[in-house]
Every structure is written in structure tokens, then in C-alpha cells.
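Just below is one structure, and these are the notes that go with it.
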Amino acid sequence: MAGEITETGELYSPYVGLVYMFNLIVGTGALTMPKAFATAGWLVSLVLLVFLGFMSFVTTTFVVEAMAAANAQLHWKRTENHQEEEDDDSSTASDSDVLVRDNYERAEKRPILSVQRRGSLNLFEITDRVEMGQMASMFFNKVGVNLFYFCIITYLYGDLAIYAAAVPFSLMQVTCATSNESCGVEADSKHNDTDPCWGPLRRVDAYRIYLAVFTLLLGPFTFFDVQKTKYLQILTSLMRWVAFAIMIVLALVRIGHGHREGHPPLADLSGVRNLFGVCVYSFMCQHSLPSLVTPVSSKRRLTCLVFLDYVLILAFYGLLCFTAIFCFRGDSLMDMYTLNFARCDVVSTAAVRFFLGLFPVFTISTNFPIIAVTLRNNWKTLFHREGGTYPWVVDRVVFPTITLLPPVLVAFCTHDLESLVGITGAYAGTGIQYVIPAFLVYHCRKDTQLTLGYGTVNKHRSPFRHTFWVGFVLLWAFSCFFFVTANIVLSETKA
């Protein structure tokens, strides 16, 4: 995410890539989706979910096309530099340096000869992992690059705030209920932050103690480099799917046994704001596509596989949310859906109750350091000047501190996960999922035609290749910005 051209990594089959994309998209957002469904009504929720899934698929194909165009420029520059080296060994500039410089010298670009264009199809092979930051540097001007980093940094801050709040909140819900001689979250009670937890300690005190411990244990990783290991990813994915499967099966069993408590409305427009943000957040994958798609060994049917992935994800989200909203009353659904199963009347086995109640603690804690290091590196890239280096204090203290402090302060002030996810998805998420891919594909198409000739065809071009789709995505994105902002203002005015 630091915006560099990086190694491709170990190759894997297209179907393994399909599984990885499924795991990437289905994450924390899915746990907050059932409550948003119940609040907005099942029909409007279903329609919005399908539409946002379609829009996410459109922009995913945009990013893949931009990746292919970036690779084409890299391959063309390598070929050009190789030919120059055979004639004159004076060329020493790297691919990245040449590409960045070319962004400010577009007037000097010339279409290649038609005889050279015969091999242009191979130019679009996605072999180099070009992160979105580097694509922004290749296809945007300086203002566009800065806006890109502003958007990605805002989104990562929201991500970290959600993670920092979710873990202490889950711990508070489980342990405070246990300390009060209850075997889980009560079905018919709404706890306030001022309710007692352990003796004189209130629930909010317990939450903040857990937040402090969470920060002290995982915060130091922000000051060092950490990488996600293959085995950690496998373990986290396995735990996630065991938890999701248990929740869906338990909800279906309860409905089958006649314990259907939920009677969701058909539509309630007052809940659409949070639903929109949660759904956008739950389809987020565009910023990680270069790391995900590049190692796929065969990309011949990439678009079909991505479409299949989105169909499966829509089916999974629908199954999870509909079993939830008909199994539990809308007012009893928790911000983190797993906490609804920390009840004796729902799950009789204590081990299963604690596993589901503490599930976010296990999975989110492993992701927090990785997201924090990614955000820190994006800050460094945003302020980096070519040829310059940062003083030790700035590099090792200032950047990690400005990365860690804001999300922890937000989590300290609120643990309203539905609102955190909704706001992050509705604003920064909309920018990453809609605005950036639309501008990337528009500018990469112009640059490809200018550099490689107007007859060049990108073999990984999006099925939505007409300019209408770029305009439609941007119009939808700005409409969403306006709608969410107006809804927030009107809600605050009524309050």
C-alpha cells in the first residue's frame, strides 16, 4: 500500500484466488450487517445489497483494467530501455522513475509503430504487482495523487477505529455478563454504559480498561515492521468460517423449532444511511486487488471468476442477514452479530458461546497491526520527497504515533460499531470503491491510447468499457455523498 511496484509473490490457481477474494471481502463488515438489515427493512436492504454488490463488481473490473494498463506501460518501458541499452548504455533510470516523470511529460508521448503493436496483447499481462498508490502516480497529476492518499488514509483510520472498538466491546459484553452471574448477553435487556460490571466498575470503565490493554499489547507493532504470515491467514480464515457456519446453522435451527422472534419491516428509510455505509464497507476489496490478482497463475477467465465470487458473496450475505433478522427481534440484534449467540437460551454449550462471543477478539487482533503498519507507510509515502530521508525521531516515533493515536481516541469516545462502520463506508469507502477506480480507468485508457496507439486493445479491459459507466459510477458516488450527509444533518437537527 505504500505505492510501490512490488514482487508478485508465490503463484496460485484462479480458484485459490477466488477463495482469497471471498475471504478478503467477507470480514468485519458482515458482522454488523444483520442489525443494519433489521433497521432498514428486509426489502430495501435486499435491493440495496444487490445493487451495491453490482457497483462493487463494476469498479473491481475497472481496477483490474487499470492494473493491466500499468503493466503494459512497465513492459513497454522495459522494452524501450532494453533497446536503448543495446545502442547506448547511458540509460540508468528505473521503471518507476521513468513512469512518474512521464506523467508530467505527456505531451512528449508518441504512439508506437503499427509493426511494434503486434505484440501489444502481451504487454497487458498482469505480471508486476503495481499497488494503487503507484497507479495513482502513473495516471494522476500531483493533486490527484494527494487526494488518493488522503482518501486511503482516512479509510484506514476508520478501519483501525472499528478494530480498536470491536475488540474491547466484545470483551466487555462477554465478561460483564459473566461477572453478573449471567451466561451471556440478555435478550430482553438493554445495557447502558453506566450499568455496573465488576463491583464499583461500570461497563464503560471495563470497556476502556480493555481498550488500554489492547492498545498496550498491539500498539507497539505500529513502531516496527510486521508481515502477515501464511499460517496466520489460514488460521484466521478457518476461525471465521467456523464462526459464520455455526451462526447460520444455529439461526436456522431456532427458526425451524419455532423460535422465530424477528418480524422485520418491509422498509424503513431512516435506517438506510447506516445500511448503505455498512454494505459499502462489506464489499471493500479494491485497495487490495493488486496483491490478490497479480499472483493468479492464469488470468484468462478472470472477469468470470470475479463475477462468480460476487454472486457467492451476495448469496452468503443474504443467508446470514435473513436468518438473523427472522431469528432475533430487531431491537435485540447486537452491533456485533456474534454477541447474539452469547446467550444460554440460544447456545447451551459454554465453549461455543465463548468462542462466538470472543470471535472478533481473535480475528481482528491479528489484522490490527497489519492495517496500522499499512497506514504508517502511506503517511511516509505521502510526505516523501525524492532523494530525502526522514530523521530517526520522525520515522520511528512521529509517524507511528499519528497512526495509532487518532483511532484509539475515537474508540475511547465511542463503541457504536454500526455508526463507525457506516460512516467509514459511506465516506472514505465510497471514495476508494467508486471514485478512485472510476478516475483510474478513465485516465489509464487515455494514457494507453496516447502511449501505445489508438488501436491498442487491453486484454483485461472491463466489460463496462463505455464511458457511460465511468460517469454513472461517479454520479452514484457523489449522490451517495450528498444523501448520507443530508441524512446525518437532518437526523441531528431532529435530535
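As a basis for the values below, the full set of heavy atoms in this structure was taken, side chains included, without hydrogen atoms, waters or symmetry mates.
Using a 4.0 Å cut-off between charged side-chain N and carboxylate O, D205 and R202 make a salt bridge.
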Kindly indicate, with the supporting measurements, whether the criterion side-chain contact (heavy atoms from CB on, under 4.5 Å) is fulfilled by Y207 and L171.
CA-CA 8 Å; Y207 168 79; L171 288 169; over 6 Å; no
Decide yes or no on ring-ring contact (aromatic ring centres under 6.0 Å, His included) for Y434 and F478, but give the supporting numbers first.
CA-CA 9 Å; Y434 301 140; F478 290 120; over 10 Å; no
side-chain contact (heavy atoms from CB on, under 4.5 Å) between F54 and V50: does it pass, once the steps are laid out?
CA-CA 6 Å; F54 169 74; V50 172; 5.7 Å; no
Please determine whether ring-ring contact (aromatic ring centres under 6.0 Å, His included) holds for the pair Y155 and H287, giving the CA-CA distance in whole Å, both sets of side-chain angles, and the decisive distance to 0.1 Å.
CA-CA 10 Å; Y155 173 77; H287 59 301; 5.4 Å; yes
Check against side-chain contact (heavy atoms from CB on, under 4.5 Å), I436 and Q286:
CA-CA 9 Å; I436 292 173; Q286 284 74 8; over 6 Å; no
Intermediate values then yes/no, side-chain hydrogen bond (donor to acceptor under 3.5 Å, both in side chains), S365 and Y163
CA-CA 8 Å; S365 297; Y163 287 5; over 6 Å; no
Please walk me through it: do M67 and V130 pass side-chain contact (heavy atoms from CB on, under 4.5 Å)?
CA-CA 7 Å; M67 289 165 55; V130 186; 6.0 Å; no
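Side-chain contact of E65 with S462: a donor-acceptor pair under 3.5 Å is absent, judged by distance alone. A donor atom on one side chain and an acceptor atom on the other are found under 3.5 Å apart for Y310 and S56. Judged by distance alone, the side chains of T448 and Q73 never bring a donor and an acceptor atom under 3.5 Å apart. Checked by atom type, the side-chain pair T485/Y427 shows a donor-acceptor distance below 3.5 Å.
Rounding to the nearest 0.5 angstrom, the gap separating the CG atom in L31 from the CZ atom in R240 is 9.0 Å. Note: L160 CG to T374 OG1 = 9.0 Å, rounded to the nearest 0.5 Å. From Q173, atom CD reaches atom SG of C197 across 9.5 Å, with rounding to the nearest 0.5 Å. The distance from atom NZ of K299 to atom CG of L305, rounded to the nearest 0.5 Å, is 12.0 Å. With values rounded to the nearest 0.5 angstrom, D159 atom CG is found 11.5 Å from I370 atom CD1. To the nearest 0.5 Å, the span separating OH on Y149 from CG on L156 amounts to 11.5 Å.
A donor-acceptor distance shorter than 3.5 angstrom exists from the side chain of T32 to the backbone of G29, with no hydrogens or angles considered. Remark: side-chain polar atoms of R203 are not paired, donor with acceptor, to backbone N or O of M172 under 3.5 angstrom. In this structure, N71 contributes its side chain and D128 its backbone to a donor-acceptor pair below 3.5 Å. N141 places a side-chain N or O within donor-acceptor distance of the main-chain N or O of V143, the cut-off being under 3.5 Å. The main-chain N or O of G357 is never found under 3.5 Å from a side-chain atom of T338 such that the two would form a donor-acceptor pair. Formation of a donor-acceptor pair under 3.5 Å by the N340 side chain with backbone atoms of S332 is found in this model. With hydrogens and angles disregarded, no donor-acceptor distance shorter than 3.5 Å links the side chain of Y317 to the backbone of M33. For the pair K35 (side chain) and I325 (backbone), a donor-acceptor distance under 3.5 Å is absent. Remark: the backbone N or O of R465 is paired with a side-chain donor or acceptor of R445 at under 3.5 angstrom. Listed for the D309 side chain is no donor-acceptor partner under 3.5 Å among the backbone atoms of V306.
Between T403 and A372, the shortest heavy-atom contact is CG2-O, 3.4 Å. Between F214 and A164, the shortest heavy-atom distance links the atoms CE2-CA, 3.8 Å. Residues T39 and D268 approach most closely at O-CB, 3.3 Å, considering heavy atoms. What you find for F481 and A426 is that their closest heavy atoms are CE2-O, 3.9 Å. When all heavy atoms of L333 and A324 are compared, the closest pair comes out as CD2-O, 4.2 Å. Scanning both residues, A66 and F139, for their nearest heavy atoms gives O-CE1, 4.0 Å.
Two residues are said to be in side-chain contact when any heavy atoms from C-beta on lie closer than 4.5 Å; V410 and L420 meet this criterion. At least one side-chain heavy atom of L440 sits under 4.5 Å from a side-chain heavy atom of F140. Proximity of L404 to F368: side-chain heavy atoms (C-beta onward) are separated by under 4.5 Å at one or more points. R461 has its side chain out of reach of T303: every pair of non-hydrogen atoms, C-beta onward, lies at least 4.5 Å apart. Looking at F37 and P264, their side chains never come closer than 4.5 Å, going by heavy atoms from C-beta outward. Taking the side chain as every heavy atom from C-beta outward, L24 and S288 approach each other to under 4.5 Å. Inter-residue side-chain proximity for D335 and D416 is flagged as met; some heavy-atom pair is nearer than 4.5 Å. Within the 4.5 Å cutoff, side-chain heavy atoms of T60 are placed close to those of C285.
The aromatic ring centres of F399 and F223 sit 6.0 Å or more apart. Remark: aromatic rings of W476 and F483 are distant, center separation not under 6.0 Å.
Taking the six-membered ring for Trp and thresholds of 30 and 60 degrees, F439 and H443 have nearly parallel ring planes, at less than 30 degrees apart. Between F383 and W379, the ring planes are parallel. Angles under 30° get that label, and only those over 60° would be called perpendicular.
Each of F244, F328, F355, F359 was evaluated against F341; a single residue qualifies, F328, per the ring-ring contact (aromatic ring centres under 6.0 Å, His included) test. For the pairing with F464, the ring-ring contact (aromatic ring centres under 6.0 Å, His included) check across W469, F62, Y442, F307 returns one residue only, W469.
Few gaps surround CZ on F326; more than 12 heavy atoms of other groups in view lie less than 6.0 Å from it. More than 12 heavy atoms of other residues, nucleotides or ligands lie within 6.0 Å of CZ in F468, so this atom counts as buried by the packing criterion.
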